[in-house]
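Here the structure comes first, spelled out in structure tokens, and everything after it is commentary.
This chain uses plain numbering: 1 for the first residue, then up along the sequence. Since we're looking at a predicted model, the values are computed, not measured. All ligand and atom numbering here is 1-based and tracks the order in the structure.
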Amino acid sequence: MDEKIKEAYQRAKEAYASIGVDTDKALQALDEVPISIQCWQGDDIQGFLNDNALSGGIQVTGNYPGKARNFQELQEDLEKVLSLVPGKKKINLHAIYATRPLEGRDIDELFPEDFRGWVDFAKKNDVGLDFNPTFFSHPMYKDNFTLSSPDEEVRSFWVRHGKCCVTIGDYFGRELGKKCVTNIWVPDGMKDDPYSHLEARKRLTESLDEILATPYDRDSELLAVESKFFGIGAESYTTGSGEFYLGYAAKNQIALCLDAGHFHPNEFISDKLSSALLYVPELLLHVSRPVNWDSDHVVTDTDELNHIMEGLVRDDLLKRTHIGLDFFDATINRIAAYIIGIRSTQKALLKAFLEPKEMLLKAERELDYTTRLAFVEELKSYPWGDVYAYYLDKNGIPGHDWLREVKAYEKDVLAKRGN
Ligand code: RNT
Ligand code: ZN
């Protein structure tokens, strides 16, 4: 253990103890919160199955060299990432990341065996797996529609895809003994004003009902549905809107996925957590950073990120919330993007765990808003950075020096890929 880090931690521990906060306990709590890492930052959501360009409101911009081109390379990159962040982790997969070639089959006919490679990876690295059917980057994504398509051939294709994916998520959960969260997001919508707002939504309900009727073990898998405000090419109408999915998740008692970039630019998910959890059993978060729109920038230390984590800790919502990351930036080193995003998320969580919760709750209940504001402001300059540095060092993980390691990996591995 680095002596300077240890000394700084001792001082931080005393500072926090003086306001009734136990830093060891905060670190223990942090260490227990699984963070689901999106596999798609590693290769710009390309996947292993096809060369189809991205479509449906998902845009990856940039061409920084060295992206993973296959399963082998993505595994190497993810292992590098896992080695540079402490705590519990999961890997979040999309259906287009099947590790077995489809050989004549299409994605409406996928089997657990197609993902065997990831299960081996998860066991080797002691991580859980989460899953997503891929309703984009495919020729059957037609006229901006998948599950809500008026074309029965299109709609039923995607229903079959969704059903296969429920079975695969169930398999992940059983195989790994860690519940798999399978999240459904469809890009469906219209560029121009719809005549009927209702018809496509009725079809989406029908399709989802068919997918949910797939048998699965509730202890092994949790289904989630993700809303969106608008997408590229779907500027005027999104079938799966916020109200649609809040209602659907509440009615069917499945999880609601809230993506930080999927609401009006002045609307924040941090204020939706407590309301949604009064009516849906669980939440999935897509922690992202929207810059003016659903831009999926790397997560950084923003007010909203801090408010999300505060919301979860202050109101005790963590037990029913799954934290997943959803960003993809191809303009910077992709491994660095991961480390920055994951560490920022962990730091925000840690700050929330380092609050004198009982004292602040009491102040609020007694309408002592002066104390509330004073302490929340004071806390911003408390030495939480020393606590996080200690957490890293205790786990044998480099602190600020992580970038040196990532640059070395870029030189030795990424640069040699020649892409
Ligand atoms: C798209 C959604 C969705 C995707 C991933 C790749 O707007 O946010 O979650 O980002 O499934
Ligand atoms: Zn998302």
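- Ring-plane geometry between W293 and F230 is classed as tilted, the angle between the planes lying from 30 to 60 degrees on a 0 to 90 degree scale.
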- Task: Show the numbers, then the answer: is there a side chain to side chain donor-acceptor pair (under 3.5 Å) between D31 and Y391?
- Result: CA-CA 9 Å; D31 204 48; Y391 178 50; 2.6 Å; yes

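- The backbone N or O of I107 lies less than 3.5 Å from no partner atom in the side chain of R160, so there is not a single donor-acceptor pair.
- Taking the six-membered ring where tryptophan is involved, the planes of Y9 and Y390 are essentially parallel, since the angle between them stays under 30° and well short of 60°.
- If you look at E226 and ask which of its N, O or S atoms sits nearest the Zn ion (ligand 2), the answer is OE2.
- Taking only nitrogen or oxygen atoms, main chain and side chain alike, E226 reaches within less than 3.5 Å of ligand 1.
- Considering backbone and side-chain N/O atoms, W185 never comes within less than 3.5 Å of an N/O atom of ligand 1.
- Taking backbone and side chain together, H286 holds an N, O or S atom under 2.8 Å from the Zn ion (ligand 2).
- Within the coordination shell of the Zn ion (ligand 2), defined by N, O or S atoms under 2.8 Å, D296 is absent.
- An N or O contact shorter than 3.5 Å links D294 to ligand 1 by distance.
- Counting only N and O atoms by type, the side chains of S36 and D130 include a donor and acceptor under 3.5 Å apart.
- Residue H94 touches ligand 1 through its side chain alone, judged by heavy-atom distances below 4.0 Å.
- The distance criterion of under 3.5 Å between nitrogen or oxygen atoms is not met by N132 with respect to ligand 1.
- Looking at ligand 1, you won't find any N or O of N183 less than 3.5 Å from one of its N or O atoms.
- The aromatic rings of Y237 and H197 lie perpendicular to each other, with more than 60° between the two planes, well past the 30° mark.
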